[in-house]
Amino acid sequence: MVVDVKEYDLDREITWCPGCGNFAIMDVLKNTLAGLGLSPHQVLVVAGIGQAGKMGQHFRTNTFHVLHGRLLPVATGASLVNNDLKILAIGGDGDGYAEGGNHLIHAARRNIDVTYMVHNNMIYGLTKGQASPTSEQSIKTPTTPQGNPLEGLNPISMLLGLKANFVARSFAGNKEQLGTILNKSLQKPGFAFIDILHQCPSFNKINTFRWFKERVYDINEEGHDPADLEQAFRLAQEWGEKIPTGIFFEDPEPKPGFREAVLGEKDRSITGPELNPLDIKEIMEEHL
Amino acid sequence: MVVDVKEYDLDREITWCPGCGNFAIMDVLKNTLAGLGLSPHQVLVVAGIGQAGKMGQHFRTNTFHVLHGRLLPVATGASLVNNDLKILAIGGDGDGYAEGGNHLIHAARRNIDVTYMVHNNMIYGLTKGQASPTSEQSIKTPTTPQGNPLEGLNPISMLLGLKANFVARSFAGNKEQLGTILNKSLQKPGFAFIDILHQCPSFNKINTFRWFKERVYDINEEGHDPADLEQAFRLAQEWGEKIPTGIFFEDPEPKPGFREAVLGEKDRSITGPELNPLDIKEIMEEHL
Amino acid sequence: MDIHDYSVKVGGEAGQGINTIASILSRSFADQGLHLFAYQDYYSRVRGGHNFYQVRTATFPVYTFSDRLEVLVALDKASIDLHASELNPGGVIIYDQDIKTDDPGQNALALPMAALGKEHGGKAVMGNSVAAGAAWQVMGGDLEILENTLGRLFQIKGSDISEANIKAARAGADYANNNFSGHCRCQLQKGKSKKSLVLTGNEALALGSLAAGCRFVSSYPMTPASGVMQYMARQTHRLPLAFEQAEDEIAAINMSIGAANAGARAMVATSGSGFSLMVEGLSLAGMNETPVVIVLGQRPGPATGLATRTEQGDLLFSLHAGNGEFPRAIFAPRTAEEAFWTAAEAFNVAEKYQIPVFVMSDQHLADSYYTMEPFDLNKVTIDRGHVLDDEELEQMKAYHRYKITDSGISPRAFPGQGGKCVMVPGNEHMENGYSTEDPVNRTRMQDKRIRKHRSMSGEVKPPESYGKNDPGTVLLTWGSSYGSCREAVDEANRQGEKWQVLSLPQLWPFPGKQVLDLIGKAKRVVSVEMNATGQLGRLLRLETGRQPDLAVLKYDGRPMNAGYVLSQVEKGGVFPW
Amino acid sequence: MDIHDYSVKVGGEAGQGINTIASILSRSFADQGLHLFAYQDYYSRVRGGHNFYQVRTATFPVYTFSDRLEVLVALDKASIDLHASELNPGGVIIYDQDIKTDDPGQNALALPMAALGKEHGGKAVMGNSVAAGAAWQVMGGDLEILENTLGRLFQIKGSDISEANIKAARAGADYANNNFSGHCRCQLQKGKSKKSLVLTGNEALALGSLAAGCRFVSSYPMTPASGVMQYMARQTHRLPLAFEQAEDEIAAINMSIGAANAGARAMVATSGSGFSLMVEGLSLAGMNETPVVIVLGQRPGPATGLATRTEQGDLLFSLHAGNGEFPRAIFAPRTAEEAFWTAAEAFNVAEKYQIPVFVMSDQHLADSYYTMEPFDLNKVTIDRGHVLDDEELEQMKAYHRYKITDSGISPRAFPGQGGKCVMVPGNEHMENGYSTEDPVNRTRMQDKRIRKHRSMSGEVKPPESYGKNDPGTVLLTWGSSYGSCREAVDEANRQGEKWQVLSLPQLWPFPGKQVLDLIGKAKRVVSVEMNATGQLGRLLRLETGRQPDLAVLKYDGRPMNAGYVLSQVEKGGVFPW
Ligand SMILES: Cc1ncc(C[n+]2csc(CCOP(=O)(O)OP(=O)(O)O)c2C)c(N)n1
Ligand SMILES: Cc1ncc(C[n+]2csc(CCOP(=O)(O)OP(=O)(O)O)c2C)c(N)n1
Ligand code: SF4
Ligand code: SF4
Ligand SMILES: [Mg+2]
Ligand SMILES: [Mg+2]
């Protein structure tokens, strides 16, 4: 079925700053969803709190716009009871790597049937520029006024350490690559993790569009085989003059998605507006 | 200074089950501390909630016995304001990998000056046998009565993904190795992570003492160089017929410990019972 | 049939099998047609320590435990040292022969548990069945009933094991028959009850939730609430039910919120610290109007407190928990039977009003066994409130999840239904769910949400009076303390007093007017609860201005009973306010 | 000197620099010797939207904002459309010439902000200083003062930048001088105040904490509380102070608990959802008796609510938060000046009683600027309560962290001191800190902890009355709403009423008797607060049985002022209970 990307348009003011990387990411996502023949009502975006999370308010679809850092558990619950929806989780680096870090470990472990996009601007945008776990060492922010004493977290390396089902990095300035990765991730059962680098012209004056643009390269184009976990791990350690992007890892022996692992065949019957009293007579009578 | 290990003895009933792996771990720890010439009052154990966390109640030392999963933040706060104490964090696999997962990521990122021992019995002991994140696939427990649908988390691989300062695995049945690792970790600034496999005869009927004993081998004895992150990562993927133990990784270019990174030279002045009003006149007058 | 009221205590170390013995006896009492109440006292450890299980059985319904025993089954020395004094005159001690103890006297039986277990059942652990058999014999129970019980209890372990246990029990009974020379004042008769259910509060809560069509449970283990999720986890293979052990309590409540908004009835079960971690999620459920049921099994706090003990210390906390202001309902079943119906009803209230609903229990209710008649499952109704169907949605131009209505309740729909999109937000929002900071909208939305409180207030489960009319003394209570108050009132009235229990199966919205009416002209209102600050008493004042005249409180982690209530009232109680 | 009371509003999009203009004007008003109150109204976004800053300045102390303006500085069209009607007769509009708008009439000045900024300062952004200069000129301020302000404000950016800004401001003043043909009713005079501090509530809280010797701050960013930690973070290089941005709020409070027990005065600052996440840690601090100060900057909930708006909706939540029962103190400063002293005192109360202490603010207090006299820092006292010294400890056989005393307060010591070990637990414990499940110990320990509540009750910051004696009407209020009540009372009394404000700088322990005494025979008690359920009114009833007769509430996220209070009282307010 062909779906017009305009179906995803929403007649609402977009509250991001001009020049923000989020625009490009949203653009790619809308096109990818439409390209897959998905209508807005077949998609559920579970969004975190932050500029990235606002994305769920900026295009038409089902959205659960939840608490800061809690998008993955909400997506887990929703995905277990409804397998008709294509579920995405969308949030920022603070949302996902600081407040929500624990859920990320366990979403990967469970292999939940969700594509998770982390819009990684290496800063807290919405709350006006504090350091995030991925902020560069020495950057001055309102919470690191003497310069960040820590090195940034490497989410790709961490997710490879967790041997997550699908691990990728992209850049808002490379729409084609991002589109390809998203497209692929949305057609897989299980968990897909995509760290998306993007500029925040308002607060991150170091990792600008240009800064990224000059550094990113595509590992798959250069021959990296996503089935090779060890090489992926080696590549993931690179950060600085050159920044590897692309699909680092796709499990060559994929585990079943979480829904299947937990529910087996019976998932379809779990939800829906109708509900009949369960037959618990047999269970009750075990106590007689 | 020679310290008699008996100084660490406490005249209290120990509430672990007979045959529990925790006894051996405590034994090694007491000996290691004494061996390092540390008296009980120079050590602070920040303990989680669980059988492992009870350790802080079973030998004499300073102990903050805190909330389930929250030992690392408490240790972080204590270590920042007091650098006279040797600080250990001790908890179980549920405590550290489930409830406390987020703090583990960030303790590693911060490189806090704490040795963290995770007593990994691959089960929830204190609450009577539920599955933990490290529980084996298919194991039947009160919360996985039809068998655990998930593979166990691999904490070593995860910590290597985080490129933590010091990453090791040991086994309660190999006291010598555990002692060596502990000894080493306690003499390093920065974060040391030790996953300690141990039997829970009451609830884990699969990963028994014998099960571990038959599988563990020492990677360092077999020539693994802890400076080699990539090889460490490769080894870390192994689990099953053979289980690698030993020091997987010691950062060859260690970052400063967190206390130094944050406080530089001034740490000594932060704490202590005396406290003088600060001179904030200069700061106030900036608002005049 | 005479009136009987007997208590048996089984004491020993954790891991020695006191639960097994007590369960065998309990089930058998029930099958004799008797009522029962059985409670556990255990330490937060897996082996060792001194634990006990106390089973009271009677020819009439019982709601709490008794201070005195007829039979003590002792698996360790501590049981004799600590509890022999609790025996009524003529009480019997049956003790493991392997215990190093002085002979407790004539009315006692030293039982070679392990030896008989090994000899007749093949294993020393069968000693538990030996002990059950011996106790049963001494109490004059019908051996066939005991054998039936054993057969059923061990059925899952295979017919070999259940046969072996039956043999071991018979051996214990024979041994007692031949070697017990004393007399037991407890001589069991057949009771009149029909075949009854034996359930703990936790089991009843789980069963009620299943009956209500709960489709999703996510929780993190925490005593004393774990029993609820574990019971439900055992049923997933035969019901359309998803269970997941979350990584922490934050994930648990947020998973349930996700499931509920995707269309499933969803719940969590937790306790103390675990609930503290759910408070942010609770507030989200308040904002995005998610029906979610929270079973809160109370234990003593603060913090980790006393993990395996009982308290009713989280009433005002659960009432005020969560940043911002939003409606909620709080139920507190008083018995296991009520727990079943309350759980079933909680989902209806949650969905009808689209709010978080608490079902408060406490360790004493959660872990204690009660007998009750089988539930008439036809009486379980499922009311999902106003949920739109696909057709209705298809006809709409757009779906507005938060439509402002007089009742405050907006018609619900789930993502994907009828080709519509659903927006469920955590920020303040317009009717369509999208964020807005408009001040007029804010006031209207806050009013809408709060109106649900008023809509709900007309349907509160009413407070219940038991005892004399026009009472001089009213015992005001909630939760499992009800049982003790009820028996205290019976006792006081037997002694010629005019007492009444006024108990609240639902605490929020608070039925203030009804409570005041029921208190009527009573001379004395005594609030009775298991906490240190008299929270129900405080709530009464907050909602009605009236203050209890006296409080009977207990907060040592151990349950109260009728005797405690009576003696405290006599002493003048405390007045914590 | 005449009495003056003028208001200027600066409106525009986020990111346009309204904060800069308002800050320049505020500081300059203060330097003219005037008092001021300046508040922000902003959206939860970084660019765009319509925000404003409103500065009121007067020859007498001001506590809230006014409904009417003398000058409107408009950086966008919305500012004119929305706010021109707020101008008093004779008010002036100064607007950016680049705005597409109709000419607002004679009493207006179209200012080529960007052009002049570029021409005289070198950059278009210097247009902000141009606007400040023009406004200052129109209001008849002393140009030298404005220039001084600019010099100081931009000093950190280098003398080039500060010079450029001064030039731009002069150009704006000149331009106004030459082109503004109307008349401004606001003509600034020199006020009598000595050099005064200009501080927001957040800054005052931070400064007070530093004065108290706070040594450790861990927090997670959250509007409107972030300002506190960010201010403190800026001082770490020159004070013995550690700051860490935690990974989440759970870590933040637990880090502080770790630091406090290791010997440092420690605090967190948070809001709404963030505080919800701290509830478990709060309960731990209750159990292990950790002094920790929690600055709670309230914003509208539930959940994420309205991130940048104001509310007082978390009073009953903070009072009851945490599983189990334990004492705490709750302060709520009413002005920025009081915020300083409250923060300083909060650490003393926390350490003296070894409890968690709340300092409640709200967005309106947190972000608003106030003038005040410089603090006499010699008046800041530090009382760490009973802390043992090394010598005392050396002489002890063993140290017992939780020694039972009459006051409930145990002498403190820190790990390592005097060669002793310290055990700080999260479970119930004996005097030495080790766990026990003993019921008698439990009751004693719970009593000990709760006794601290009583010990503290004698030292509560007393409620304060302002206005007429023997009033007919008492406005009962707390926090930043105090300012509006105070001015409302002045106004009512000017009109011949007998009104009084009764405000509570400390809300817990609740000074019930004192409040009742102060209410006296007042005919009418009106509770005034920024929430939907009248929480202070409810607390009054909970603690005294007395209920307010009327409530003035506001919960649209926007602050109230005197006019609102007066009109609501006239209308009869609401009665939410
Ligand atoms: C529990 C909680 N803590 C803090 C906040 C405040 N907050 C909102 S967004 C945000 C961080 C935003 O950073 P990021 O997740 O990187 O998103 P970005 O805005 O950069 O896209 C914070 C701290 C909150 N809403 N809830
Ligand atoms: C917030 C919270 N959730 C749950 C619990 C209950 N609880 C106590 S220990 C424990 C798990 C113990 O497992 P682990 O950490 O592996 O330790 P072990 O007993 O196996 O050594 C749990 C779930 C708690 N105390 N606090
Ligand atoms: S603050 Fe940064 S991330 Fe947020 S909208 Fe603006 S540019 Fe984008
Ligand atoms: S339950 Fe397991 S881990 Fe806990 S004490 Fe017993 S054997 Fe050890
Ligand atoms: Mg970000
Ligand atoms: Mg464990």
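Keep in mind that the numbers below use all heavy atoms, side chains included, and drop hydrogens, waters and symmetry copies. In this text the structure is predicted, and so the values were computed from the model without any measurement. Below, chains carry the letters A, B, ... as their sequence lines are ordered, and counting in each starts from 1.
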Pick from [options] with the largest number of heavy-atom pairs that fall under 4.5 Å of chain B:
{"options": "C:Y220, C:F243, C:Y231", "result": "C:Y220"}
{"options": "C:T223, C:I250, C:L277", "result": "C:L277"}
{"options": "C:S219, C:S44, C:A246", "result": "C:S44"}
{"options": "C:R45, C:R47, C:E247", "result": "C:R45"}

Original post:
Are more than 12 heavy atoms from other residues, nucleotides or ligands located less than 6.0 Å from atom NZ of B:K163?
Top reply: no
Under 4.5 Å from any heavy atom of chain C, what part of [X] do you find: side chain, backbone, both or neither?
{"X": "B:Y97", "answer": "neither"}
{"X": "B:P133", "answer": "neither"}
{"X": "B:I14", "answer": "backbone"}

With the side chain counted from C-beta on, respond yes when [X] and [Y] share a heavy-atom pair under 4.5 Å apart, and no when they do not.
{"X": "B:K128", "Y": "C:Q230", "value": "no"}
{"X": "C:M222", "Y": "B:H68", "value": "no"}
{"X": "B:T15", "Y": "C:Y43", "value": "no"}
{"X": "C:E249", "Y": "B:E99", "value": "yes"}

Original post:
Which of the residues B:S202, B:P18, B:G101 is involved in the greatest number of heavy-atom pairs with chain C at under 4.5 angstrom?
Top reply: B:S202
Subject >> Selection from B:T127, B:V66, B:I49, B:T144 maximising heavy-atom pairs under 4.5 Å formed with chain C >> reply: B:I49
